[in-house]
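Structure record follows, encoded as structure tokens.
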Amino acid sequence: MSKKEKVASNTTQELNEPQEQNKNESSAPEEISAQALSDNSNKKTTKTATPVKKKKKKKKKACAIVITILAILLALSLVLSGTLASFMLFSNSSLKNTNDEYDKLFSDSGLLRVQTGEKWGYIDNSGKFVINPQFDSASDFIDGIAVVTVDGKYGYIDSKGKYLINPQFDSADNFYNGLACVKSGDKYGYVDKTGKYVINPSFDYAYSFYEKIALIKVADKYGYINLKGEYVVNPQFVDANVFSNGMAAVKSGDRWGYINAKGETVISYQYVKAYDMSSDGYAVVMNTNKNMIVIDKEGRTVTLGEFDAIGYRNNNDICQKDGCFNYASGEYCSTHTETSYYKYCDAYGCFNIAYAGDYCTTHNYLE
């Protein structure tokens, strides 16, 4: 934004005072001396010159005010033009944007997926369609490849809109570590960028490769495979997360802990819930008090305190019934669902439902 220009008014020289009139005038009215003529001439000159000089002062002040106003208007126009230019970067397709935040919207191929009507396509950062809207759904580009769907089938395209793999899968994810997780029928497997199966569909559920290891599910148990489809950790866990920062959160029995890429336990099973280990070596977990805490890679509690939620992780998905750590749909798990709908009578030894207040109809006199 341009700095405002300073406008300085020129100082005006003070006008000379009019000459003093001669007080020694002649007493004879019919005679006018040369001095009197001179004085009279000075009087006329003074009377006629003074208004002119005042007008010049007013004109100079008016000019200074006008110049100041023009300078302010110029500065405002520069500010407005900058704001307008920023707006036009989004609204005018003929202008290219150089704003970093705006560029972050675009994938690594410089394309942004957009929907027009019921179809999805891709535009560049000038707003021009590079790939016309034609897909039922579309993903961002990762390594120059995007997942798209047509008539319920998933396929892959390049940044020019050309099919690399025709739509044929029942589900598909982006490519990671050179392989993409796809579903064919009721089984999951992995294909390369030509569409050829590298790991045949044989899993009940599967996730993409992270850190060259993929989480899979077989017969209600979770395990891990490498890029060749070989088990690095046999299916054995009740629940599990993908690998992150060399560790994966897994559930054995009713508690969560962490393992390394060899399947070795590095943090014992002690948490009600555990989340991915972050890149800086910390993870959010839920302790047995159903509070959220932070631990490091050694399993040591970071002294930040205990909370109901940390970030997007919270205890709302755990049953609020004392001693129950089952997942909840709402406030309580399926086993204790009626607790969320009914309140039982507070009268000692009574197990009737309290339809209003704290007591049933038999003991409502205790209200």
Side-chain angles (χ1 to χ4, degrees), residues 171-183 186-190 198-288 290-301 309-319 324-329 333-334:
S171 180
D173 199 358
N174 288 96
F175 278 88
Y176 295 94
N177 294 284
L179 296 180
C181 180
V182 297
K183 182 182 181 182
D186 59 352
K187 296 295 183 180
Y188 290 80
Y190 297 84
V198 175
I199 303 173
N200 290 324
S202 57
F203 308 109
D204 296 328
Y205 205 88
Y207 296 79
S208 295
F209 278 92
Y210 296 98
E211 300 184 1
K212 299 182 179 181
I213 297 176
L215 171 64
I216 53 84
K217 183 180 181 182
V218 176
D220 295 327
K221 296 294 183 180
Y222 289 88
Y224 297 88
I225 61 173
N226 60 21
L227 292 169
K228 295 179 180 179
E230 301 168 336
Y231 284 113
V232 293
V233 182
N234 291 324
Q236 58 187 284
F237 303 109
V238 178
D239 202 351
N241 292 349
V242 299
F243 268 86
S244 176
N245 200 0
M247 301 171 66
V250 295
K251 184 178 183 181
S252 180
D254 61 351
R255 291 291 183 269
W256 287 75
Y258 289 84
I259 62 171
N260 60 21
K262 295 179 181 180
E264 300 169 337
T265 302
V266 291
I267 300 177
S268 63
Y269 303 98
Q270 56 186 294
Y271 307 111
V272 176
K273 185 71 178 83
Y275 297 89
D276 295 342
M277 189 65 63
S278 63
S279 59
D280 56 359
Y282 296 97
V284 175
V285 298
M286 182 189 295
N287 61 20
T288 54
K290 299 182 183 179
N291 289 323
M292 312 304 292
I293 61 174
V294 175
I295 62 171
D296 63 16
K297 294 188 73 171
E298 305 299 324
R300 295 172 298 205
T301 301
I310 297 177
Y312 64 87
R313 300 107 168 179
N314 56 64
N315 58 10
N316 291 337
D317 58 350
I318 299 297
C319 182
C324 180
F325 300 101
N326 294 330
Y327 283 100
S329 177
C333 67
S334 56

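Each residue takes its place number in the sequence, starting with 1. Everything numeric here is computed off the predicted structure, so don't read it as measured data.
- A side-chain donor-acceptor contact under 3.5 Å links Lys290 to the backbone of Cys319.
- Residue Cys333 comes nearest to Cys324 through the heavy atom pair SG-SG, 3.7 Å, listed as atom of the first residue, atom of the second, then distance.
- Atom OH of Tyr205 is separated from atom NZ of Lys183 by 8.0 Å, given to the nearest 0.5 angstrom.
- Here the closest non-hydrogen pair linking Phe209 and Ile225 is CE2-O, 3.7 Å.
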Listed pairs under 3.5 Å, donor-acceptor, residues 229-244 side chains, sequence neighbours left out:
from: Glu230; atom 1: OE1; to: Asn226; atom 2: ND2; distance (Å): 2.9
from: Gln236; atom 1: NE2; to: Asn234; atom 2: O; distance (Å): 3.1
from: Asn241; atom 1: ND2; to: Ala274; atom 2: O; distance (Å): 3.4
from: Asn241; atom 1: ND2; to: Asp276; atom 2: OD1; distance (Å): 3.4
from: Ser244; atom 1: OG; to: Met277; atom 2: O; distance (Å): 2.5

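- Taking both residues in full, the closest heavy atoms of Tyr271 and Ser268 are given as CE1-O, 4.3 Å, listed atom of the first, atom of the second, then distance.
- Distance check, rounded to the nearest 0.5 Å: OH of Tyr207 to CG of Asp173 gives 11.0 Å.
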Sequence neighbours excluded and cut-off under 3.5 Å, please list the side-chain donor-acceptor pairs for residues 211-223, or say none.
from: Glu211; atom 1: OE1; to: Gly246; atom 2: N; distance (Å): 3.0
from: Glu211; atom 1: OE2; to: Asn245; atom 2: N; distance (Å): 2.6

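- Atom CG in Asn177 sits 10.0 Å away from atom OH in Tyr210 (nearest 0.5 Å).
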Pairs of donor and acceptor atoms involving the side chains of residues 255-267, under 3.5 Å and at least two apart or interchain, shall be tabulated with distances.
from: Tyr258; atom 1: OH; to: Tyr275; atom 2: N; distance (Å): 3.4
from: Tyr258; atom 1: OH; to: Tyr275; atom 2: O; distance (Å): 2.6
from: Asn260; atom 1: OD1; to: Lys262; atom 2: N; distance (Å): 3.0
from: Asn260; atom 1: OD1; to: Gly263; atom 2: N; distance (Å): 3.2
from: Asn260; atom 1: OD1; to: Glu264; atom 2: N; distance (Å): 2.9
from: Asn260; atom 1: ND2; to: Glu264; atom 2: OE1; distance (Å): 2.8

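- Asp280 and Ser278 share a side-chain donor-acceptor pair at under 3.5 Å.
- Separation of atoms CD1 (Ile293) and CD1 (Ile295) is listed at 7.0 Å; rounding is to 0.5 Å.
- Inter-residue side-chain proximity for Phe203 and Tyr190 is flagged as met; some heavy-atom pair is nearer than 4.5 Å.
- Note that the CE atom of Met286 and the CG atom of Asn314 stand 7.5 Å from one another [nearest 0.5 Å].
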